[in-house]
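Right, one structure below, let's go through it.
Keep in mind that the numbers below use all heavy atoms, side chains included, and drop hydrogens, waters and symmetry copies.
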Amino acid sequence: MDKENNFNPEIIVASPGRINFIGGHTDYNNGFVLPAAIDKKIKLELRKNGTVNICNVHSQNYNKFLTVDLNEIKPSREGWENYILGVLKQLLHRSDRVKGFDCVISSELAIGSGLSSSAALECGLAYGINELFDLDLSRLEIAKLSRDAEHEYVGTKCGIMDQYASVFGEKNKVLFLDCLSLEYRLIPMELTDYKVLIINTNVEHNLSTSNYNTRREQCEEGVKIVSKKYNSVSSLRGVTLKMLDEVKELMSPIIFQRCLYVIEENERVQRAAEYLKNHDLKKFGQLLYQCHEGLRSQYEVSCDELDFLVDFSKDKEFIIGSRMMGGGFGGCTVNIIHKDFIDNYIPEITKAYEDSFNIKLDAFQVKPSKGTSHQVHAIQTKK
């Protein structure tokens with residue numbers, strides 16, 4: 001593969017990260033979520049290289065190269081490579097048209113920030129190869145295979161929200177997504193005088209993946225207990241507070257709290273969608289704080305750094321909502337903040353956070369954005 005300075009792609013894919021306003025850990029429980037694609041993206045430049053089975057990938061952010069033989073794909077010890085390998089494996093399950101290609105990847109998304117750089121990479125690569133080799137996969141198939149790649153090659157048993165939002169996002173819209181039916185509706189994000197501010201703790205505790213999978217297992221254990229009394233129940237989506245209370249004595253306190261959080265969070269997401277539709281931003285923001293408290297005390301996936309950022313915002317009249325975002329144990333908070341106070345608030349929270357943790361944070365604004373898309377480069381090779 002040429003040095004990137006001489007790289008002449010056939011197509012260029014832009015694949016966005018995502019924020020999730022509310023609906024933490026509900027997606028893999030077949031619940032509701034309220035995400036949006038954002039204007040921070042991963043760029044993938046792709047071209048066919050004329051070989052049958054050799055694929056070359058250059059990550060500019062890591063400054064590393066990966067060469068893959070399509071006939072001999074297996075998991076790697078290099079974490080970032082497994083996102084690539086998993087997608088390729090899933091594509092080969094679905095099509096015999098995938099051939100050798102070269103790809104250069106560059107990203108505006110911080111790894112481990114909770115903005116779902118992994119889903120952006122997975123969906124962007126799958127989307128780009130789909131276009132490059134005319135695989136005729138739908139956007140939904142791209143989201144599903146990207147999720148499956150993460151399950152099988154990365155080992156994170158995620159739901160489909162991240163991939164779905166990255167693929168289906170639209171400018172100035174949020175997706176009210178039903179993770180059971182995979183149906184969604186778009187809700188305009190009309191913030192008027194408010195902006196979306198992301199604050200990155202710049203910590204990623206190594207508990208994140210193992211605890212993420214543990215939370216999923218705990219929810220599944222709760223479902224098993226409920227289903228002994230209500231055999232139609234197959235996920236927490238089908239469990240009401242009344243049903244949960246009826247079997248409370250059969251559960252450990254931890255399992256009960258995990259299930260209680262998910263059931264209450266599903267109800268919050270539905271209310272949040274209505275508040276947003278009715279332009280009631282104050283009530284919408286209050287639900288973000290309630291969500292964070294549930295993630296902190298019931299689901300127990302927050303950390304001191306995230307709690308500090310959310311708590312610091314609570315007495316600021318110009319901030320109407322804040323919560324941790326992503327899998328937990330680090331990453332970002334999402335904040336709804338009045339535009340006139342952003343320039344003063346960022347230095348204030350930066351100093352307070354550094355004084356407390358001796359860590360510098362990052363803060364930046366994002367906007368709901370278009371989902372994964374591509375442009376055909378001016379100079380193409382023949383298909």
At their closest point, which heavy atom of [X] faces which heavy atom of [Y], and how far apart are they?
X: Met324; Y: Val301; value: SD-O, 3.9 Å
X: Leu175; Y: Gly169; value: CD1-CA, 3.8 Å
X: Tyr212; Y: Gly159; value: OH-N, 3.6 Å
X: Leu306; Y: Cys332; value: CD2-O, 3.6 Å
X: Gly100; Y: Leu70; value: N-CD1, 4.4 Å
X: Gln163; Y: Cys158; value: NE2-SG, 3.9 Å

Is [X] salt-bridged to [Y], cutoff N-O under 4.0 Å?
X: Lys64; Y: Glu78; result: yes
X: Glu10; Y: Lys48; result: yes
X: Asp162; Y: Arg18; result: yes
X: Glu265; Y: Arg268; result: yes
X: Arg185; Y: Glu274; result: yes
X: Glu122; Y: Arg147; result: no
X: Lys224; Y: Glu220; result: no
X: Lys360; Y: Glu354; result: yes
X: Arg94; Y: Asp148; result: yes
X: Asp311; Y: Arg296; result: yes

Got [X] and [Y] here, is their nearest side-chain heavy-atom distance under 4.5 Å?
X: Ile336; Y: Leu281; result: no
X: Leu135; Y: Val98; result: yes
X: Phe168; Y: Pro35; result: no
X: Ile12; Y: Leu44; result: no
X: Gln375; Y: Ile11; result: no
X: Ser106; Y: Ile42; result: no
X: Ser15; Y: Lys41; result: no
X: Ile198; Y: Ile38; result: no

| Around atom CG of Asp355, are there more than 12 heavy atoms of other residues, nucleotides or ligands at under 6.0 Å? |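 More than 12 heavy atoms, drawn from other residues, nucleotides or ligands, come within 6.0 Å of this atom.
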Check whether the side chains of [X] and [Y] place a donor and an acceptor atom closer than 3.5 Å, and report yes or no.
X: His58; Y: Asp102; result: no
X: Asn29; Y: Ser235; result: no
X: Ser313; Y: Tyr289; result: yes
X: Asn61; Y: Ser107; result: no

| request: Applying ring-ring contact (aromatic ring centres under 6.0 Å, His included), run through Tyr83 and Tyr153 and close with a yes or a no. | output: CA-CA 7 Å; Tyr83 296 102; Tyr153 267 65; over 10 Å; no
| field | NZ-CG distance between Lys40 and Leu115, expressed to the nearest 0.5 angstrom | value |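 Answer rounded to 0.5 Å: 9.5 Å.
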| message | I'd like to know if Leu140 and Leu180 are part of one continuous hydrophobic network [Ile/Leu/Val/Met/Phe/Trp/Tyr, side-chain heavy atoms within less than 4.5 Å]. | response |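 In one cluster: no.
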Kindly say whether [Y] contributes a backbone atom to a donor-acceptor pair with the side chain of [X] at under 3.5 angstrom?
X: Asn20; Y: Val33; result: no
X: Asn172; Y: Met189; result: no
X: Arg139; Y: Val167; result: yes
X: Asp69; Y: Asn71; result: yes
X: Asn82; Y: Ser76; result: yes
X: Ser116; Y: Ser118; result: no
X: Ser166; Y: Pro16; result: yes
X: Asp362; Y: Asn202; result: no
X: Asp245; Y: Lys248; result: no
X: Glu141; Y: Ser138; result: yes

| query | Between Ile342 and Lys195, is a side chain to side chain contact (heavy atoms under 4.5 Å, CB included) present by the stated rule, with each step listed? | reply | CA-CA 9 Å; Ile342 294 174; Lys195 301 288 185 182; 3.7 Å; yes
| request: Could you label the plane-to-plane angle of the Tyr184 and Tyr164 rings as parallel, tilted or perpendicular, counting under 30° as parallel and over 60° as perpendicular? | output: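 Judged by the thresholds at 30° and 60°, the geometry between Tyr184 and Tyr164 is perpendicular.
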| Qualifying residue, where the test is side-chain hydrogen bond (donor to acceptor under 3.5 Å, both in side chains) with Arg258 and the options are His25, Glu300, Glu217, Glu221 |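 Among His25, Glu300, Glu217, Glu221, the one that satisfies the side-chain hydrogen bond (donor to acceptor under 3.5 Å, both in side chains) with Arg258 is Glu300.
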| message | Among Tyr194, Tyr345, Phe318, exactly one meets ring pair (Phe, Tyr, Trp, His ring centres under 6.0 Å) together with His338. Which residue is that? | response |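 Between His338 and the candidates, ring pair (Phe, Tyr, Trp, His ring centres under 6.0 Å) is satisfied uniquely by Tyr194.
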| With a distance cut-off below 6.0 Å to the six-membered ring centre and an angular limit of 45° from the axis, does Arg237 pair with Phe32 as a cation-pi contact? |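 Yes.
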| task | May I ask you to check if Lys277 and Tyr275 form a cation-pi contact, with NZ or CZ under 6.0 angstrom from the six-membered ring centre and within 45° of the axis? | result |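 The answer is no, since Lys277 fails at least one limit relative to Tyr275.
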| said: If you apply the rule side chain to side chain donor-acceptor pair (under 3.5 Å), what do you find for Glu264 with Gln298, and how did you get there? | reply: CA-CA 11 Å; Glu264 291 178 339; Gln298 295 172 295; 3.3 Å; yes
| message | Would you say the rings of Phe21 and Phe176 are close, in the sense that their centroids are separated by under 6.0 Å? | response |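 Ring centroids of Phe176 and Phe21 are no less than 6.0 Å from each other.
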